[in-house]
Amino acid sequence: MSYEYERVATPASGLRLHLNENTAGCSPAVLEVLSKLTRRDLAAYPDYDAALAACAGRLGVELDSLVLTNGLDEGILAAAIVALRRDSRRGPLEAIVVVPAFDMYAACSDAAGGRVIDVPLLAGFEFPLDNILAAINERTRLVWLTNPNNPTGQSIPRDAIVRIATSATNALVFVDEAYVDFGGATLIGDPVLGQLPHVVVGRTFAKAYGLAGLRAGAVMGNAETIRSLRRVVPPYSINTCAAAALPAAFGDTAYYDWYLDQVAQSKTMLYDRLERLGVTYWKSDANFVLARFTGRGARVAAALATRDVHVRDRSRDPGCADCLRMTAGVVEHTRQLLAALEEVL
Ligand SMILES: Cc1ncc(COP(=O)(O)O)c(C=O)c1O
């Protein structure tokens, strides 16, 4: 079996609520910085000192515990390459993916020559701690954990992460915190990280900071482990625009706080309306809500699309029959989604 990222078609117009993007856009401070870049700036290979310092400062980590990546996607690819290099004497090494999950874990593990071991969430999307522990063996070199999870929005209990890391000592444990800004609990700053050098934390600046188009992410952890990732990340993988944008984005904390508040309000609005409409949904620590439209998921998604509201049909994910994932962004956008949903249902 080979795995691929499922690229979705770009809607020609309308409200993009299908890729968990920031529906407000980036901070205006970012555009201002970009507008000041000169022709010479774009002709030079980028320098990362300011971006690294701003990122380390914002996230509260040391410079040597951090690698900037071209989107978190590149951090995921780097981790797969480092962890899954084939050991020709013993056959392919294994990567555990808790499914449903972001496609890139399986795609990159497979591309790096690893064998993907799926461990499904339990009924009600409960975290399958015991099954993960049972799947760990001497060939396990990578465990992908998403906290909070995409597409369910559920968080993983901290103790479960620690138990997995304590059991998978030969593996790199990659805790993907792409959505943690919106309500999850981060491992960054947790003293337990100091005792677990094989655990790394991934972040993206695509979501809360609205920089998906510029491609910027980071992986953090033990300095030695981060050095091994840095060796496979190309030296200039963050472009000049993204490097210039990061300090501006991190500096505009008022904008970041405003957006997080919009997302929180939008989630409450979605919960209230879905409840009133009798639709099952899962409370989310991320910037989206997953809901099950039993027997009519694809039809609801298509009907919303004809009203220029684009949500993601996750029906083909394990355990997600008839489930649609809807981005919770700016309140006004959520109002448009809810009006369309009301009409469709
Ligand atoms: C769980 C998860 N990790 C990583 C990413 C990728 O982030 P980036 O856009 O920074 O590559 C995404 C993107 O949607 C995601 O959902």
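Indexing begins at 1, ligand by ligand and atom by atom, following the structure's order. In what follows, every heavy atom counts, from backbone to side chain, and hydrogens, waters and symmetry copies are set aside.
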Asks: Assess, by modelled atom type and distance only, whether the side chains of Arg215 and Asn239 contain a donor and an acceptor separated by less than 3.5 Å.
Replies: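 Checked: Arg215/Asn239 side chains show no N/O donor-acceptor pair below 3.5 Å.
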Asks: Cation over ring, Lys283 on Tyr271, under 6.0 Å and within 45°?
Replies: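 Satisfied, under 6.0 Å and within 45°.
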Asks: Rounded to the nearest 0.5 Å, what's the gap from CZ on Arg115 to CG on Leu142? Could you check?
Replies: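 Reported value, rounded in 0.5 Å steps: 14.5 Å.
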Asks: Write none if no such pair exists; otherwise list each N/O atom of ligand 1 with its protein N/O partner under 3.5 Å and the distance.
Replies:
from     : atom 1 : to     : atom 2 : distance (Å)
ligand 1 : 3 (N)  : Asp176 : OD1    : 3.4
ligand 1 : 3 (N)  : Asp176 : OD2    : 2.6
ligand 1 : 9 (O)  : Arg215 : NH1    : 2.9
ligand 1 : 10 (O) : Leu72  : N      : 2.7
ligand 1 : 10 (O) : Thr204 : OG1    : 2.5
ligand 1 : 11 (O) : Leu72  : N      : 3.1
ligand 1 : 11 (O) : Asp73  : N      : 2.9
ligand 1 : 11 (O) : Asp73  : OD1    : 3.3
ligand 1 : 11 (O) : Asp73  : OD2    : 3.4
ligand 1 : 11 (O) : Arg215 : NH2    : 2.7
ligand 1 : 14 (O) : Tyr179 : OH     : 3.2
ligand 1 : 14 (O) : Lys207 : NZ     : 2.8
ligand 1 : 16 (O) : Asn150 : ND2    : 2.8
ligand 1 : 16 (O) : Tyr179 : OH     : 2.6

Asks: Are Arg58 and Tyr256 in a cation-pi setup, meaning NZ or CZ lies under 6.0 angstrom from the ring centre and within 45 degrees of the ring axis?
Replies: yes
Asks: Residues two or more places apart in sequence or in another chain: which of them pass side chain to side chain contact (heavy atoms under 4.5 Å, CB included) with Ala303?
Replies: Arg307, Val344
Asks: Tell me, do Thr327 and Leu15 make a side-chain contact under 4.5 Å, heavy atoms counted?
Replies: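 Not touching, per the 4.5 Å side-chain cut-off.
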